[in-house]
Amino acid sequence: MENKKRKGKDYEVEDEEMKMDKFYALLRRYRDARDRRRKELEELDKSEKEKRMKAGTEQHRVWVPSFEWEDFTDQVQFRGQQYMQFPTSSTSPSPLAGGTDN
């Protein structure tokens with residue numbers, strides 16, 4: 001009976017070891033595939049840069065806005081909204097103007 005228990009434990013340990021080996025093999029394959037893909041992309045990027053440098057058309061990837069003076073002189077009108085008009089001091093008394101609210 002004790003011999004069967006040992007065999008059962010040995011099988012469990014062996015089964016766990018096989019699972020761990022499969023897991024680590026899977027990790028190795030994943031890392032290898034990732035590294036191969038990274039190397040392929042680096043080579044592709046490198047060859048594209050070389051092509052652009054040979055052609056002399058290195059493109060800038062940053063957008064630089066350009067403004068004209070008219071962009072700042074025109075009045076801005078919003079769609080569907082009226083300009084807000086604040087009351088002036090002649091149409092309504094201001095509490096800071098010395099009113100008699102004592």
Side-chain angles (χ1 to χ4, degrees):
M1 183 166 166
E2 188 175 310
N3 194 16
K4 287 185 180 181
K5 285 184 181 178
R6 283 187 183 172
K7 285 184 181 180
K9 287 183 181 180
D10 288 340
Y11 288 129
E12 289 177 14
V13 170
E14 190 174 311
D15 188 41
E16 287 294 318
E17 287 179 6
M18 285 177 51
K19 287 180 182 178
M20 287 175 54
D21 289 341
K22 285 182 182 181
F23 176 73
Y24 286 116
L26 178 67
L27 285 178
R28 272 191 303 277
R29 287 194 304 265
Y30 175 78
R31 287 181 186 148
D32 291 342
R34 181 194 62 194
D35 292 342
R36 278 194 310 270
R37 182 64 179 155
R38 185 178 292 159
K39 187 181 282 188
E40 288 173 3
L41 291 175
E42 287 173 356
E43 289 174 3
L44 180 65
D45 189 41
K46 190 176 183 181
S47 66
E48 286 181 8
K49 282 184 181 180
E50 288 174 358
K51 286 179 186 177
R52 279 188 260 140
M53 291 301 280
K54 286 180 183 177
T57 58
E58 182 67 30
Q59 296 177 354
H60 296 280
R61 295 182 182 184
V62 178
W63 177 69
V64 180
S66 62
F67 297 103
E68 299 292 328
W69 182 248
E70 291 80 23
D71 295 335
F72 301 104
T73 58
D74 293 338
Q75 271 197 344
V76 178
Q77 294 187 7
F78 298 101
R79 287 182 277 178
Q81 293 183 356
Q82 296 291 328
Y83 289 108
M84 290 183 62
Q85 293 182 353
F86 295 102
T88 61
S89 61
S90 63
T91 58
S92 65
S94 172
L96 300 175
T100 57
D101 288 336
N102 290 343

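Along the sequence shown, residues carry numbers from 1.
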Those residues at least two apart in sequence (or on a different chain) that pass side-chain contact (heavy atoms from CB on, under 4.5 Å) with Y30 are none
Under 3.5 Å, sequence neighbours excluded: what are the donor-acceptor pairs made by side chains of residues 16-25?
none

Please tabulate, one pair per line, all N/O donor-acceptor pairs under 3.5 Å involving side-chain atoms of residues 31-47, not counting sequence neighbours.
from: R37; atom 1: NH1; to: E40; atom 2: OE1; distance (Å): 3.3
from: S47; atom 1: OG; to: E43; atom 2: O; distance (Å): 3.4
from: S47; atom 1: OG; to: L44; atom 2: O; distance (Å): 2.8

Step through the shown structure and confirm whether more than 12 heavy atoms of other residues, nucleotides or ligands are within 6.0 Å of CD on E48. yes
